[in-house]
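Structure, as structure tokens:
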Amino acid sequence: MFYLSLAITIAFMIVHISTNYIKFLDRKPKDRLMSFVSGGSIAYVFLHLVPELTHYQEVAEDAQLPLWLESLDYSTYLLTLLGIAFFYGINQLNEKSKAKNEREENLSQPSRFVFALEIFGFALYNVLIGYLLTDLSGERISDYLIYFVVFSFHFIANNRVLHLTHEDLYTNIGRWVLAISVLLGWLLYHVTETNELTIAFFSAFLTGESS
């Protein structure tokens with residue numbers, strides 16, 4: 001499945017680079033379409049990723065962890081909660097920065113710092129998607145295709161919001177960073193040693209970020 005995973009990764013990169021040029025997103029029914037896209041992604045998370053959290057926790061409990069991690073109960077669930085809090089925090093900073101700029105400088109965009117932080121957050125999300133592609137898709141071609149469709153929808157929804165919020169900053173910088181980050185995650189998986197515990201922790205955090 002090496003070449004299939006590489007093809008999916010390249011397709012993800014194309015989605016990131018080309019979202020700006022999907023013309024039907026500019027038409028009026030786009031709100032319903034974006035709701036459908038986001039809903040499909042969330043459904044995948046709750047039907048496929050969330051049920052695996054119990055397995056991830058069992059992996060963590062069987063592994064030899066540092067003392068400070070062993071003292072934490074339900075470490076994988078805490079990582080999922082951390083993923084949720086991470087993106088919630090970035091979203092709140094975005095809203096506050098945008099409101100401040102509108103009030104003080106008559107600008108409709110958040111600050112460049114918030115843009116960098118938001119792109120960093122989504123780049124981390126993309127690295128995890130690239131890294132976990134093979135493990136979460138298994139051995140069936142159909143699972144790879146489902147993985148691609150679901151997260152492509154999620155990318156399109158996120159990219160649309162980023163483009164509308166940050167405009168030229170996203171077009172000139174952000175989309176390229178996000179495209180490269182997926183490839184970086186895929187490369188890390190194939191050039192480094194991985195283990196079940198790493199997959200468990202990364203998957204738990206990805207579940208939180210995707211929720």
Indicate yes or no: at least one non-hydrogen side-chain atom of F205 is less than 4.5 angstrom from one of L124. yes

Decide yes or no for M13 and L183: does some side-chain heavy atom of the first lie under 4.5 Å from some side-chain heavy atom of the second? yes

Side-chain heavy atoms of F122 within contact of L162, under 4.5 Å: yes

Quick check on side-chain hydrogen bond (donor to acceptor under 3.5 Å, both in side chains): which of D135, T134, T194 does Y189 satisfy it with? D135

Kindly check if the number of other-residue, nucleotide or ligand heavy atoms within 6.0 Å of CZ (F2) is above 12? yes

Is there a path from V50 to L81 through hydrophobic residues (I, L, V, M, F, W, Y) whose side chains come within less than 4.5 Å of each other? no

Please report the closest heavy-atom contact between I90 and G121, naming both atoms and the distance. CD1-CA, 4.0 Å

S181 versus N126, closest heavy-atom pair with distance: OG-CB, 3.0 Å

Is there a side-chain contact between F120 and Y125 (heavy atoms, below 4.5 Å)? no

Parallel, tilted or perpendicular: which one describes the rings of F148 and F12, with boundaries at 30° and 60°? tilted

Among L93, L117, N94, find the one that has a side-chain contact (heavy atoms from CB on, under 4.5 Å) with P110. N94

Would you say S97's side chain and S111's backbone share a donor-acceptor pair under 3.5 angstrom? yes

Supply the atom-to-atom distance N172 CG to H166 NE2, rounded to the nearest 0.5 angstrom. 13.5 Å

Restricting to non-hydrogen atoms, name the atom on L178 and the atom on A123 that form the minimum distance, rounded to 0.1 Å. CD2-N, 3.6 Å

For residues L197 and L82: do they belong to one hydrophobic cluster (side chain heavy atoms under 4.5 Å, members Ile, Leu, Val, Met, Phe, Trp, Tyr)? yes

Heavy-atom check, side chain of L132 versus side chain of Y147, under 4.5 Å: yes

ILVMFWY network linking M1 to Y131, side-chain heavy atoms under 4.5 angstrom: yes

List the steps and the verdict of side-chain hydrogen bond (donor to acceptor under 3.5 Å, both in side chains) for S137 and D143. CA-CA 5 Å; S137 298; D143 289 335; over 6 Å; no

Taking the side chain as C-beta and beyond, is there a heavy-atom pair between T198 and E193 under 4.5 Å? no

So which heavy atom on T76 is nearest to which on A60, and how close? CG2-CB, 4.1 Å

Please tell me whether Y3 and I14 are part of a single hydrophobic cluster in this structure, the criterion being side-chain heavy atoms less than 4.5 Å apart. yes

Go through the steps for S5 and H190 under the test side-chain contact (heavy atoms from CB on, under 4.5 Å), then give the verdict. CA-CA 11 Å; S5 67; H190 287 282; 3.8 Å; yes

Check whether any side-chain heavy atom of V150 sits under 4.5 Å from a side-chain heavy atom of H154, and report yes or no. no

side-chain contact (heavy atoms from CB on, under 4.5 Å) between K96 and K100: does it pass, once the steps are laid out? CA-CA 6 Å; K96 289 180 180 179; K100 180 181 178 182; over 6 Å; no

So for atom CG, which belongs to L188, do other residues, nucleotides or ligands contribute more than 12 heavy atoms lying within a distance under 6.0 Å? yes

Distance from R140 atom CZ to L145 atom CG, nearest 0.5 Å? 11.5 Å

Apply side-chain contact (heavy atoms from CB on, under 4.5 Å) to residues N91 and E118 and explain how you reach the verdict. CA-CA 8 Å; N91 183 64; E118 197 165 14; 5.7 Å; no

Check whether any side-chain heavy atom of H163 lies under 4.5 Å from a side-chain heavy atom of T171, and answer yes or no. yes

From L49 CG over to L206 CG, what is the distance, rounded to the nearest 0.5 angstrom? 6.0 Å

Do V177 and I17 sit in the same hydrophobic cluster, where Ile, Leu, Val, Met, Phe, Trp and Tyr count as joined when their side-chain heavy atoms come under 4.5 Å apart? no

Show your reasoning for whether side-chain contact (heavy atoms from CB on, under 4.5 Å) applies to F115 and T165. CA-CA 9 Å; F115 165 74; T165 303; over 6 Å; no

For the atom pair CD1 (I173) and CZ (R112), what is the distance rounded to the nearest 0.5 Å? 7.0 Å

Check F202, F155, W186 against I129 for a side-chain contact (heavy atoms from CB on, under 4.5 Å) and give me the one that passes. F155

For E139, does the CD atom have more than 12 heavy-atom neighbours from other residues, nucleotides or ligands under 6.0 Å away? no

Using every non-hydrogen atom in the two residues, find where H16 and Y170 come nearest and quote the distance to one decimal. O-OH, 3.8 Å

Tightest non-hydrogen contact, residues G208 and I84, listed as O-CG1, 3.3 Å

Just verifying a value: how many Å separate L136 CG and Y144 OH, rounded to the nearest 0.5 Å? 10.0 Å

